[in-house]
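Labels below follow one simple rule: chain letters A, B, ... track the order of the sequence lines, proteins then strands, and each chain is numbered from 1.
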Amino acid sequence: MPKSRFVYEIYIAASAETVWKALLDGEFTRQYWEQEHFSDWKPGSTWEHRDAHGDRKVRLLGEVLEASPPHKLVLTWAEPADRANRDRHSRVTFEIEPVAEMVRLRITHDELEPGSKMERDITHGWPRVLSSLKSLLETGRPLKTWAR
Amino acid sequence: MKDTDIVFRALADRSRRTLLDRLHERDGQTLTELCADLDMSRQAVTQHLNILESAHLIVTAWRGREKLHFLNPVPLQEIYDRWIGKFERSRVRAMRELKRRLEETKSA
């Protein structure tokens, strides 16, 4: 069965450098994602995504495939249970492109197993995360991303 | 025109909502795939896709020489976030669930 792919886009009134930092810096991601990222973001390095509160559980992890600040970042993206199982890692490409006074942030999430939990999670997750990121960068206030 | 106006105008057309439904069912389709079984000319579908794209409700990406169309729900999330706050979400969801159950019972 072919793997699935989703593409999300948002326009944000901020510089490419700011959006890049907001995607990677735990201080930022804690505010709009309620999770923190850990990595040195160098190709070949691993990255982790931990809860910002409570027991700081690792929720997601992967490997940095490509990093060209502040325009392009490619990561593998997996559940902690699949840490060693590279065949089950999906892939996320972040592309940041200046457009007039704004930047266009495009997220391509592909290599996904159709019907998987990861596919369900990310199709709910990305729109919320991106909407909250935009709100934080443009108004200084994040949204309650995971409020139910 | 403001972004929100563009989004609502794009949604205010049944054919365009049908195209979004099709992408929601299966994301990443070519123009030819989207035109299949539709009672619309290829030219009309292209025009509708352009309007949806300018509202950022769809985005396109290439697979080799094929142009694929993807549903981008981010502008809808922004509209949702604008009027539905942290505390209302669970109530809204509970009511939606109630409606679904009642309607299922009725049609059973």
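- When all heavy atoms of Asn72(B) and Tyr8(A) are compared, the pair lying nearest together is OD1-CA, 3.3 Å.
- With sequence neighbours left out, the salt bridge (charged side-chain N to carboxylate O under 4.0 Å, His left out) criterion links Arg104(A) to Glu9(A), Glu97(A).
- The local environment of CZ in Arg5(A) is crowded, with over 12 non-hydrogen atoms from other residues, nucleotides or ligands closer than 6.0 Å.
- With a 4.5 angstrom heavy-atom cutoff, Leu76(B) does not touch chain A via any of its atoms.
- Heavy-atom neighbours of Glu97(B) CD from other residues, nucleotides or ligands within 6.0 Å: above the threshold of 12.
- Residue Leu68(B) is grouped with residue Val7(A) when hydrophobic side chains (ILVMFWY) are merged at heavy-atom distances under 4.5 angstrom, including chains of intermediate members.
- Annotation for Arg14(B): atom CZ does not count as buried by contact number, only 12 or fewer foreign heavy atoms lying within 6.0 Å.
- Minimum interatomic distance between Asp81(B) and Ser131(A) (heavy atoms only, all atoms of both residues): OD2-OG, 2.6 Å.
- Atom OG in Ser4(A) sits 12.0 Å away from atom CZ in Arg26(B) (nearest 0.5 Å).
- Of all heavy-atom pairs spanning Phe6(A) and Phe70(B), the tightest one is CA-CD2, 4.2 Å.
- Under the 4.5 Å side-chain heavy-atom criterion for Ile, Leu, Val, Met, Phe, Trp and Tyr, Leu133(A) and Tyr11(A) are members of distinct hydrophobic clusters.
- The hydrophobic clustering, which links ILVMFWY residues whose side-chain heavy atoms are closer than 4.5 Å, places Trp47(A) and Leu61(A) apart.
- At a threshold of 4.5 Å between side-chain heavy atoms, the hydrophobic network of Ile, Leu, Val, Met, Phe, Trp and Tyr places Leu24(A) and Leu65(A) in two separate groups.
- In this structure, Val64(A) is a member of the same hydrophobic cluster as Phe28(A), with clusters built from ILVMFWY side-chain heavy atoms closer than 4.5 Å.
- Of all residues in residues 32-62 of chain B, those placing a non-hydrogen atom less than 4.5 angstrom from a non-hydrogen atom of chain A are His56(B), Val59(B), Thr60(B), Ala61(B), Trp62(B).
- Annotation for Ile10(A) and Glu78(B): closest pair CD1-OE2, 3.7 Å, computed over non-hydrogen atoms.
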